[in-house]
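Worksheet: the structure to be examined is printed underneath.
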Amino acid sequence: MERICVLGLGYIGLPTAVTLALGGFSVCGADIRPDVVEALRDGRAPIAEPGLDAALAEALAAGRLTFAHTPPEADAFVITVQTPHLTRDDGVRAADLRFVESAARDVAARLRPGNLVVLESTVPPGTCRRLEAWLSESSGLAADEFHVAHCPERVIPGRILRELADNDRVVGARTGAAAHLACGLYRRVATGGRLRVTDDITAEMCKLVENTFRDINIAYANELSLVAEKLGIDVFRLIELANCHPRVNILSPGVGVGGHCIAVDPWFIHGLFPDDTPLIAAARRVNDQKPLLVADAVRRRLAPGARVCVLGLAYKPDVDDLRESPALTLCRALRARGVAVAACEPHAAAASVDGFDNVPLEAALSYDFLVLAVGHTLFRARRADIAARPHHDCVGLLGGTVSYK
Ligand SMILES: NC(=O)c1ccc[n+]([C@@H]2O[C@H](COP(=O)([O-])OP(=O)(O)OC[C@H]3O[C@@H](n4cnc5c(N)ncnc54)[C@H](O)[C@@H]3O)[C@@H](O)[C@H]2O)c1
């Protein structure tokens, strides 16, 4: 296996293509978005990720990385397309596998006997079996003439390149031959992590279970933040103390839960087993509700006509990713409650984000009321200036209400 095609050059696919190229493979990255392919052919990464620009330049200079609009022939195809969620006719939210199916059909046009197809996208259990059927149907090859494996991606934005090398990889496949081939591929790049082999369905569930665990834990923290506010105590100090217990590890509350993974993946389990997973659905509801409750709490504290600036729109500190952003939900909820609201997102270049003015921090500090929604390093550095203004701190950056340390 020397020629790899990576389909989907977003937050996961581009660093993966670069890493595979630097690992010695001959890689072609394919994306259906012409702007993405053109930018990459010019040597420009369309996403911000530490170390990515330099790694991309190195892979291009080595002549091992090219870009295309459609997949070429390859020994292995790695699918890293998006997997959003949708609301079904029965009202239950579930995975939207349109992009995976379309990528599968694109691969099928190039599929040759003996090829390996690895699905890295986060998917509900059973998707690899469907992928195999789509590939077989569109290529005319029998399922035993090619190999399918699932290696869910578990990196975190901000540390993607390092984690691609250092994280353990779960390698799941229906057949031992597919698992063996996939291990051969990842062994060359996951140099600091272990490869943990299992069946495809366990691998699919493993990624979902990890993110659902975090969602439920954060929902607990968010619920605690409501109780603590009513008690007049600092929820962050409360959790810090509870976590001193050797068997307790409560995550941090916030303005909600965002991003492409934790806010989405639990629905992939619930969508398949709605009657068996009331806890998963309840956690999702708690986390989705949180920005609306923050909006209510802020609204109660505002003088008439007060101008509010929400500090941070990204779904987590120090990234530019606004997908499923609870801070944007908060902005919309404040506006719906008649509040004049702007935002300060230093990682977004645009002067307006989703209809909200995006102002620099200096300008934000002149607003009547600040809502600290994301703990960006820039805000941490200006903690004292922010704390000096009337504020609501969703992330515990400014120190709590009561603390006898
Ligand atoms: N972003 C993360 O932090 C993260 C972490 C772990 C896992 N994941 C999972 O990885 C997958 C990819 O996520 P992402 O954040 O990189 O998504 P993304 O939206 O940033 O990128 C997906 C890319 O795939 C392209 N695409 C869609 N259909 C295509 C096709 N048929 N052929 C070629 N390209 C196609 C899109 O144009 C887009 O550029 C998702 O399943 C996600 O849940 C994401």
Side-chain angles (χ1 to χ4, degrees), residues 8 10-13 46-49 80-88 91-100 121-124 152-158 160 207-222 225 251-271 280-295 310-336 341 343 345 347-348 350 353-356 358 371-376 394-395:
Y11 285 91
I12 296 303
I47 53 161
E49 178 62 29
T80 58
V81 299
Q82 64 269 52
T83 44
H85 62 98
L86 48 70
T87 304
R88 288 194 315 233
V92 174
R93 288 200 249 180
D96 176 358
L97 295 175
R98 215 157 21 121
F99 297 97
V100 175
S121 303
T122 306
V123 292
E153 189 48 73
R154 305 147 99 195
V155 292
I156 189 163
I160 292 181
K207 167 75 190 182
L208 302 181
V209 162
E210 291 157 14
N211 281 345
T212 303
F213 167 75
R214 291 176 64 76
D215 197 48
I216 292 172
N217 193 326
I218 297 168
Y220 178 47
N222 276 331
S225 73
L251 296 175
S252 294
V255 66
V257 169
H260 191 41
C261 293
I262 298 180
V264 175
D265 300 349
W267 293 122
F268 294 6
I269 303 177
H270 182 72
I280 293 176
R284 277 284 67 242
R285 271 196 300 276
V286 167
N287 289 332
D288 279 351
Q289 186 77 0
K290 184 73 191 294
L292 310 182
L293 299 177
V294 172
V310 173
L311 302 184
L313 292 178
Y315 83 91
K316 74 183 206 78
D318 299 329
V319 299
D320 66 348
D321 192 343
L322 305 186
R323 288 177 292 180
E324 309 281 331
S325 158
L328 266 176
T329 306
L330 167 65
C331 290
R332 288 186 210 107
L334 284 168
R335 181 174 279 172
V341 57
E345 176 43 74
H347 297 278
V353 177
D354 208 30
F356 297 97
N358 181 23
V371 183
L372 188 52
V374 184
H376 286 316
C394 301
V395 291

Q: Mind checking the CZ-CD1 spacing from Arg154 to Ile12? Nearest 0.5 Å is all I need.
A: 12.5 Å
Q. If you measure from CD1 on Ile216 to CD1 on Ile262, what distance do you get to the nearest 0.5 Å?
A. 11.5 Å
Q) Between Ser121 and Val81, is any pair of side-chain heavy atoms under 4.5 Å apart? A) yes
Q) Of the non-hydrogen atoms in Pro291 and Gly256, which two are nearest, and what is the gap between them? A) CD-CA, 4.2 Å
**Q.** Between NZ on residue Lys207 and CD on residue Glu153, distance to nearest 0.5 Å
**A.** 7.0 Å
Q.
Checking the side chain of Asn358 only, and the main-chain atoms of Val353 only, is there a donor and an acceptor separated by less than 3.5 Å?
A. no
Q | Between CD1 on residue Ile269 and OG1 on residue Thr212, distance to nearest 0.5 Å | A | 3.5 Å
Q: Report, as yes or no, whether the 6.0 Å neighbourhood of atom CZ on Arg214 holds more than 12 heavy atoms from other residues, nucleotides or ligands.
A: no
Q | Of Lys290, Arg285, Arg284, the residue whose pairing with Asp288 passes side chain to side chain donor-acceptor pair (under 3.5 Å) | A | Arg284
Q | Side-chain heavy-atom pair Leu313, Cys331 within 4.5 angstrom cut-off | A | yes
Q.
How close do Ala327 and Ala373 get, counting heavy atoms only, and between which atoms?
A. CB-CB, 3.9 Å
(Q) Any non-hydrogen side-chain atom of Cys394 less than 4.5 Å from a side-chain atom of Val371? (A) yes
Q | Separation between CD1 of Ile280 and CG of Asp265, rounded to the nearest 0.5 Å | A | 11.0 Å
Q: Taking all heavy atoms of His260 and all of Thr83, pick out the closest pair and write down the distance.
A: NE2-N, 3.8 Å
Q: May I ask you to test the Arg323-Tyr315 pair for a side-chain heavy-atom distance under 4.5 Å?
A: no
Q.
Minimum heavy-atom separation for Gly254 and Asn222, please, with both atom names.
A. N-OD1, 2.9 Å
Q) Distance-only, no hydrogens or angles: does the Glu345 side chain make a donor-acceptor pair with backbone N or O of Ala314 under 3.5 Å? A) yes
Q: For residues Val310 and Phe356, determine if any side-chain heavy atom of one lies less than 4.5 Å from a side-chain heavy atom of the other.
A: no
(Q) I'd like to know whether CZ of Phe99 has more than 12 heavy-atom contacts from other residues, nucleotides or ligands below 6.0 angstrom. (A) yes
Q.
So His376 and Asp318, do their side chains get closer than 4.5 Å, heavy atoms only?
A. yes
Q. Checking Glu49 side chain against Gly158 main chain: does a donor-acceptor pair fall under 3.5 Å?
A. yes
Q) Below 4.5 Å, heavy atoms only, C-beta onward: do Val374 and Ser325 meet side chain to side chain? A) no
Q) If you take all heavy atoms of His270 and Ala281, which pair is closest and at what distance? A) CE1-CB, 3.5 Å
Q. So how far is it from Asp96 CG to Arg88 CZ, rounded to the nearest 0.5 Å?
A. 12.5 Å
Q: Kindly indicate whether the side chain of Leu208, heavy atoms from C-beta on, has any atom under 4.5 Å from the side chain of Thr122.
A: yes
Q) Where do Ala94 and Gly271 come nearest, in terms of heavy atoms and distance? A) CB-CA, 4.2 Å
